[in-house]
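Values below: every heavy atom of this structure, side chains too, minus hydrogens, waters and symmetry copies. One-based numbering, in listed order, for ligands and for the atoms of each. Just so you know, these numbers come straight off a predicted model, no measurement behind them.
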Amino acid sequence: MIVAVINTKGGVGKTTTCMYLAEAARRAGRRVTVWDADPQGSSLTWSDQAAADEAPIPYSVVGVHQRRLTRAAATQAGGDVLIDTPPGDPQIISRAVEAADIAVVVTGPGGADVERAMETMDHYTGTTPALLLLTQYIKQEKDSWTTWQSLRSSDYPVFDTRIPRRAAIQRSYGATIDDDLHGYERLLDEIVHVLDELNAEGDSDG
Ligand SMILES: Nc1ncnc2c1ncn2[C@@H]1O[C@H](COP(=O)(O)OP(=O)(O)OP(=O)(O)O)[C@@H](O)[C@H]1O
Ligand SMILES: [Mg+2]
């Protein structure tokens with residue numbers, strides 16, 4: 001499967017989501033590559049830093065120029081491809097979404113984040129299936145709760161999985177990911193399930 005992780009807003013958790021999802025996929029026995037399409041190279045830096053600390057990331061992370069961000073190239077890569085995207089580059093975001101089977105639109109709690117996530121859904125996802133993912137969720141926090149309620153009552157599809165805000169997730173930047181995947185393993189299952197359902201619908205349509 002080819003997954004684009006997007007939001008036009010910065011700092012919402014796109015890179016973190018790519019890297020944790022990749023680790024979840026690897027642990028599920030899937031072959032997986034992270035494509036870092038962000039010119040800032042955050043996933044690449046994460047991976048380079050881990051390698052420098054002699055604890056290399058156990059899947060490959062490669063930088064991909066926007067010209068290579070195509071469905072054909074992603075399919076050719078084989079296995080799963082997770083595309084990390086920059087916040088502020090419409091062309092890269094569009095190309096990543098066009099190459100993908102599904103887009104994960106990451107949002108933190110809070111009105112401004114959610115608004116941007118919904119705008120991203122409206123402007124970029126086109127014919128590619130896309131779902132919102134709430135991250136940095138804290139059960140006891142009012143903002144988190146109201147955000148979750150507003151997402152669930154919106155017309156946008158939303159992943160059931162919420163990713164909690166955890167110091168351990170923040171600390172993992174630049175390192176290999178430890179045992180706890182903080183719900184990203186359930187997100188992987190959900191993505192696989194959504195794609196299976198879409199394929200089944202496609203088959204019965206045809
Ligand atoms: N679930 C989480 N719990 C705690 N911290 C988190 C979580 N997800 C992300 N972070 C932290 O939030 C910051 C932004 O995350 P990340 O770099 O993944 O966002 P991004 O959307 O890729 O940012 P950019 O738009 O700059 O590429 C980082 O410091 C990261 O460690
Ligand atoms: Mg990033």
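Val61 and Val106 fall within the same hydrophobic cluster, where Ile, Leu, Val, Met, Phe, Trp and Tyr residues are linked whenever their side-chain heavy atoms come under 4.5 Å apart, directly or through other members. Under the 4.5 Å side-chain heavy-atom criterion for ILVMFWY residues, a single connected hydrophobic cluster contains both Leu82 and Ile57.
In this structure, of Arg166, Gln40, Lys9, the residue bringing a heavy atom nearest to atom 4 (C) of ligand 1 is Arg166. Compare Gln136, Lys14, Gln170 by their heavy atoms: the one nearest to atom 10 (N) of ligand 1 is in Gln136.
Note: an N/O pair closer than 3.5 Å links Gly13 and ligand 1 by distance alone. Residue Ile163 places no N or O, backbone or side chain, under 3.5 Å from any N or O of ligand 1. Among the atoms of Ala167, none of the N or O lies under 3.5 angstrom from an N or O of ligand 1. Ligand 1 has a nitrogen or oxygen under 3.5 angstrom from a nitrogen or oxygen of Thr15. Considering backbone and side-chain N/O atoms, Thr16 comes within less than 3.5 Å of an N/O atom of ligand 1.
Near Gly10, the atoms of ligand 1 lying under 4.0 angstrom from a non-hydrogen atom of the residue are 25 (O). Close approach of ligand 1 to Ile169 is summarised as follows: ligand atoms under 4.0 Å from at least one heavy atom of the residue are 1 (N), 2 (C), 3 (N), 7 (C). Each of the atoms 25 (O) of ligand 1 lies under 4.0 Å from some heavy atom of Pro87. Residue Val12 has at least one heavy-atom neighbour below 4.0 Å for each of these atoms of ligand 1: 19 (O), 20 (P), 21 (O).
For Tyr173 and Thr15, the side-chain atoms include no donor-acceptor pair closer than 3.5 Å. When only modelled atom types and interatomic distance are considered, Thr8 and Arg116 share a side-chain donor-acceptor pair under 3.5 Å.
Considering only heavy atoms from C-beta on, Gln49 comes within 4.5 Å of Thr45 through its side chain. Looking at Phe159 and Leu132, their side chains never come closer than 4.5 Å, going by heavy atoms from C-beta outward. The side-chain heavy atoms of Leu133 and Val5, taken from C-beta on, include no pair separated by under 4.5 Å. The shortest side-chain heavy-atom distance between Lys139 and Ser144 does not fall under the 4.5 Å cut-off.
Inside a 4.0 Å radius of atom 28 (C) of ligand 1 there is not any protein heavy atom. Taking a distance limit of 4.0 Å, we find that atom 13 (C) of ligand 1 is approached by no protein heavy atom.
Here Glu141 pairs with Arg165 in a salt bridge; the nearest charged N to carboxylate O distance falls below 4.0 Å. For Glu23 and Arg27, the salt-bridge test passes: some basic side-chain N is under 4.0 Å from an acidic carboxylate O.
In this structure, Arg26 forms no cation-pi arrangement with Tyr59, as its terminal cationic atom is not both closer than 6.0 Å to the ring centre and no more than 45° off the ring axis.
The protein non-hydrogen atom at the shortest distance from atom 23 (O) of ligand 1 is Gly11 N, 3.0 Å.
Protein atoms of type N, O or S found under 2.8 Å from the Mg ion (ligand 2) total 1.
Contacts between Asp38 and ligand 1, counted as non-hydrogen atom pairs separated by less than 4.0 Å, involve the side chain only. Counting heavy atoms under 4.0 Å from ligand 1, residue Pro164 touches it through the backbone alone.
A distance-only check finds a donor-acceptor pair linking the side chain of Lys14 to the backbone of Lys9 [under 3.5 Å].
Atoms OG1 and CD1, from Thr147 and Ile138 in turn, are 11.5 Å apart once rounded to the nearest 0.5 Å. The distance from the OG1 atom of Thr125 to the CD1 atom of Ile6 is 6.5 Å, given to the nearest 0.5 Å.
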